[in-house]
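Numbers here simply count residues along the sequence, with the first being 1. No hydrogens, no waters, no symmetry mates; every other heavy atom, side chains included, goes into these values.
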Amino acid sequence: QVQLVEFGGASKPAGDSLRLSCTVSGLSIRVNAMAWFRQAPGKEREFAATINSIGSHAVYRDSVKDRFTISRDNDKNTLYLQMNHLKPEDTAVYYCAASVWENTQTLPANYRYWGQGTQVTVSS
């Protein structure tokens, strides 16, 4: 059984930093692109960042570019999201996802496995 579990969600003031982690069990993520998606209240789930299977290439949505950094440790089967200069509009539930593809993917439909999410709240 594949499980993705996110850690690190918290309430932070604007301008602060936060690091999310996602540990994966039941699946070796070495050949899987991984991503962080987020969903704010009343809004659809949206792509935040994705990284290819070997960690050599990442793609970010424009609103988080230069503030967020996605990374991975395949030996630890873990995905990370370093979030700097947080803004109130970053408030959302953040989901970790694993794709069946090796290359970066931005569409939710291209991800087979999902975590339960972790809440990030940024106050102004």
Side-chain angles (χ1 to χ4, degrees):
Q1 182 181 356
V2 178
Q3 283 192 312
L4 285 71
V5 181
E6 300 93 340
F7 298 94
S11 294
K12 291 284 188 178
D16 228 10
S17 297
L18 193 62
R19 190 193 198 202
L20 304 182
S21 301
C22 171
T23 59
V24 183
S25 59
L27 171 74
S28 172
I29 65 171
R30 294 180 183 277
V31 294
N32 304 88
M34 301 288 294
W36 289 97
F37 286 79
R38 64 186 187 181
Q39 187 167 17
K43 295 188 177 180
E44 291 190 356
R45 191 171 300 189
E46 64 182 20
F47 151 78
T50 177
I51 189 168
N52 66 350
S53 61
I54 60 174
S56 62
H57 179 63
V59 177
Y60 299 90
R61 72 178 301 106
D62 286 346
S63 61
V64 308
K65 205 174 294 183
D66 299 326
R67 297 189 299 119
F68 290 9
T69 301
I70 188 172
S71 62
R72 61 193 295 158
D73 186 334
N74 287 347
D75 290 336
K76 295 182 178 179
N77 238 29
T78 301
L79 179 72
Y80 303 98
L81 185 67
Q82 179 66 43
M83 309 164 67
N84 297 330
H85 305 294
L86 286 164
K87 300 178 179 180
E89 49 263 43
D90 295 322
T91 295
V93 177
Y94 282 73
Y95 297 90
C96 168
S99 175
V100 297
W101 306 102
E102 295 189 30
N103 295 325
T104 54
Q105 307 289 329
T106 62
L107 297 177
N110 290 338
Y111 288 85
R112 176 176 294 178
Y113 305 106
W114 293 82
Q116 294 300 304
T118 186
Q119 177 70 48
V120 174
T121 303
V122 184
S123 57
S124 56

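- The two atoms that bring Leu79 and Cys96 nearest to each other are CD2-SG, 3.9 Å, heavy atoms only.
- In this structure, Leu18 and Val122 have side chains that are not in contact, with every pair of non-hydrogen atoms separated by 4.5 Å or more.
- With values rounded to the nearest 0.5 angstrom, Asn52 atom CG is found 12.0 Å from Met34 atom CE.
- Contact detail for Gln105 and Ser99: the closest heavy-atom pair is CG-OG, 3.8 Å.
- At a threshold of 4.5 Å between non-hydrogen side-chain atoms, the residues Asp90 and Arg38 count as touching.
- Distance alone, capped at 3.5 Å, places no donor-acceptor pair between the Tyr111 side chain and the Ala33 backbone.
- Residues Leu81 and Ile29 share a hydrophobic cluster, clusters being chains of Ile/Leu/Val/Met/Phe/Trp/Tyr side chains in contact below 4.5 Å.
- Judged by distance alone, the side chain of Asp73 and the main-chain N or O of Thr78 form no donor-acceptor pair under 3.5 Å.
- Summarising the geometry of Ala14 relative to Ser124, their closest heavy-atom pair is CB-CA, 4.4 Å, with the distance given to 0.1 Å.
- Atom CH2 of Trp101 has 12 or fewer heavy atoms from other residues, nucleotides or ligands within 6.0 Å.
- How far OG1 of Thr50 is from CG of Asn110: 9.5 Å, rounded to the nearest 0.5 Å.
- Atom CG of Asn103 is separated from atom CD1 of Ile51 by 12.5 Å, given to the nearest 0.5 angstrom.
- Legend: side chain to side chain donor-acceptor pair (under 3.5 Å) pairs involving residues 16-25, not counting sequence neighbours, sorted by first then second residue: Ser17-Asn84.
- Using a 4.5 Å cut-off between side-chain heavy atoms of Ile, Leu, Val, Met, Phe, Trp and Tyr, with links allowed through other members, Val64 and Tyr95 fall into different hydrophobic clusters.
- For the pair Cys22 and Tyr94, the minimum side-chain heavy-atom distance is 4.5 Å or more.
- Rounding to the nearest 0.5 angstrom, the gap separating the CZ atom in Phe47 from the CH2 atom in Trp36 is 13.5 Å.
- Using cut-offs of 30° and 60° on the angle between ring planes, the pair Phe37 and Trp114 is tilted.
- Around CD of Gln116, the count of heavy atoms belonging to other residues, nucleotides or ligands within 6.0 Å does not exceed 12.
- Between atom CZ of residue Arg61 and atom CZ of residue Phe68 there is a gap of 10.5 Å, rounded to the nearest 0.5 Å.
- Listed for the Arg72 side chain is no donor-acceptor partner under 3.5 Å among the backbone atoms of Gly55.
- Transitive grouping of hydrophobic side chains (ILVMFWY, heavy atoms separated by less than 4.5 Å) keeps Tyr60 and Tyr80 in distinct clusters.
- Looking at Met83 and Lys12, their side chains never come closer than 4.5 Å, going by heavy atoms from C-beta outward.
- A side chain to side chain contact (heavy atoms under 4.5 Å, CB included) with Arg112 holds for exactly one of Asn32, Val100, Leu27; it is Val100.
- At a threshold of 4.5 Å between non-hydrogen side-chain atoms, the residues Leu20 and Val120 count as touching.
- To the nearest 0.5 Å, atoms CD (Glu102) and NE2 (His57) are separated by 14.0 Å.
- Between Glu46 and Thr106, every side-chain heavy-atom pair lies at or beyond the 4.5 Å cut-off.
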